[in-house]
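Data first, discussion second: the structure below is written as structure tokens.
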Amino acid sequence: MRREAARAKGGFAGYDRACRGIDLESAATRVAAGEPHVWRLKVPDDRGEIMFADAVRGDVTFPVEAVDDLVLVRTDGTATYNFAVTVDDTTMAITHVIRGDDHLSNTPKQILIYEALGEVVPVFAHLSMILGADGKRLSKRHGATSVEAYRDMGYLPEAVTNYLALLGWSLDGETTVFSRDTLSESFSLDRVSRNPAIFDDEKLEWLNGVYIREMSAGELVDRMVPLLVSAGLLTSEDAAARREWLMKLGPLVSERLKRLDELVPMVAFLFSDTVEIEESARTKVLEKEGAGRALDACRDALASLAGFDTESIEAALREVPERVGVKPKVAFQAVRVAVSGSAVSPPLFELLELLGRERSLARIDAARPFAVE
RNA sequence: GGCCCGUUCGUCUAGCGGUUAGGACACCGCCCUCUCAAGGCGGAGAUCACGGGUUCGAAUCCCGUACGGGCUACCA
């Protein structure tokens, strides 16, 4: 009430200093008598302005009047935030307080508490907040996602760390991809930027793709297996038994993934017995002139192969288009659609090897009726 | 309202008195090619928020204005 009235008048809305003059002795007796009370910091009137050298923002100055005789301990005996952090930080001998911009205005209060306590004031560094795509601050109800959510979406911790570091800090203005080791070796507060950054999902995705491509086949398979298992495409036992097979699959998908969670839809067809051909793939690919002839010829070529490895498959299929009189694209796209159900897939020849001869032929047969001579 | 902080391509940024204002994502071409990616090459995109100063010279220094943000609790 009092506060609102004061604010309406445009004046200072803080504590009215009602109890400032009570002397220590009578305060002590009243406390002893069980009177409800709080502890407030008696801000020295002669303190002058409060200045500190922020490690990222430079010198910051606040007028003392800006800080009220703030409550340190509540009526119920618990400590308030500003009191608790300073006590906690001095107790732990904290030397650098690096935190969000939203604490900048708390800093003068805390400095006063450090001084009252007779403790050394640590170095402060205030980082800007991260904003959402609309320029509004990220918060619980506004686009903010936990790191767990990013993990579940298939983002790698290394990529997220790298991206976050890039948001408000730069190594040299040129380098965008760097390891955690490089980051911890070269990070310095004086290269932290002062302005708030907008979180850019697209750049994070790109960076995540970079890290996925950099992974070794073994690492990649280790990351893939849990996803395949939880999608019901594979059991853990299968995964172990088919390790070699998975090691071949890894490199085929890694350069096509921006996020790990894109894996399952990309490879599901490899684990099923039959495949459903997408409507658009059927009309745009199978119903092209020559698709049927090409399918027949490819089927025969594959059926008569001695081995069923990528090299021999490619060698056998490469000569089909010319022989049947269609463009390579027409023939290979037809096989791709027959085998994967889609006009978009990982590379065809290695795909056929992974699928195996039996299923490859069966799918070509199943697709054949949809194809146009 | 008061007090603080911020403002360079759409986005993240380099720059710390003299640069054709550099890089990255995204975007647009071309190349590669069995699709999609990845990769390579090239392009477009910033009157450095605005207005005053200071200076031979300002994105860089100073002062205003505008806009954005934060704090203003016996919340953290």
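Proteins get letters first, then strands, A, B, ... in listed order; numbering begins at 1 in each. As the structure is a computational prediction, the values presented were derived from the model and not from experiment.
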* Structure fact -> Across all chains, not counting sequence neighbours, the side chain to side chain donor-acceptor pair (under 3.5 Å) partners of A/Thr176 are none

Specify the separation, in whole Å, of atom [atom1] of [X] and atom [atom2] of [N].
X	N	atom1	atom2	value
A/Glu65	B/C71	CD	C1'	16 Å
A/Leu167	B/C12	CG	P	8 Å
A/Arg259	B/C25	CZ	P	19 Å
A/Ile130	B/C12	CD1	P	11 Å

* Asked: For A/Asp45, what residues pass the salt bridge (Lys or Arg N to Asp or Glu O under 4.0 Å) criterion, not counting sequence neighbours?
  -> A/Arg17, A/Arg20

Using a heavy-atom cut-off of under 4.0 Å over every strand shown, decide if [X] touches base, sugar-phosphate, or nothing.
X	result
A/Gly100	nothing
A/Ser193	sugar-phosphate
A/Leu348	base
A/Asn106	base
A/Thr61	sugar-phosphate
A/Val38	base
A/Ala197	sugar-phosphate
A/Arg336	base
A/Tyr163	nothing
A/Pro347	base
A/Thr80	sugar-phosphate

Does any N or O donor sit under 3.5 Å from an N or O acceptor when you compare the side chain of [X] with the base of [N]?
X	N	answer
A/Ser128	B/G6	no
A/Thr75	B/C74	yes
A/Arg256	B/C36	yes

* To do: Please name the pair of heavy atoms, one in A/Pro122 and one in A/His96, separated by the smallest distance, quoted to 0.1 Å.
  => CB-N, 4.4 Å

Would you list the protein and nucleotides 42-46 of chain B atom pairs, both N or O, that sit under 3.5 Å from each other?
none

* Asked: For the side chain of A/Asp309 and the backbone of A/Glu353, is there at least one donor-acceptor N/O pair under 3.5 Å apart?
  -> no

* Structure fact -> Pairing partner of B/U7, by Watson-Crick or G-U wobble and under 3.5 Å for both distances, is B/A66

* Take the angle between the ring planes of A/Phe124 and A/Tyr114 and call it parallel below 30°, perpendicular above 60°, tilted in between. => perpendicular

* Asked: Using the ring of each side chain (for Trp, its six-membered ring), is A/Trp245 parallel, tilted or perpendicular to A/Phe271, with breaks at 30° and 60°?
  -> perpendicular

* Short N-O contact, A/Arg151 and A/Glu148, less than 4.0 angstrom -> no

Hey, is the side chain of [X] poking within less than 4.0 Å of OP1 or OP2 on [N], counting only N and O atoms?
X	N	value
A/Arg213	B/G39	yes
A/Arg194	B/U7	no
A/Asn195	B/G69	no
A/Arg191	B/G15	yes
A/Ser105	B/U72	no

Nearest-nucleotide pick for [X], side chain only, options being [options]:
X	options	result
A/His103	B/G39, B/A76, B/G6	B/A76
A/Asp101	B/C34, B/G23, B/C5	B/C5
A/Lys329	B/C34, B/C5, B/G22	B/C34
A/Gln333	B/A76, B/U35, B/C74	B/U35

* Asked: In terms of side-chain heavy atoms, does A/Asp76 have a donor or acceptor partner in A/Thr78 at a distance below 3.5 Å?
  -> yes

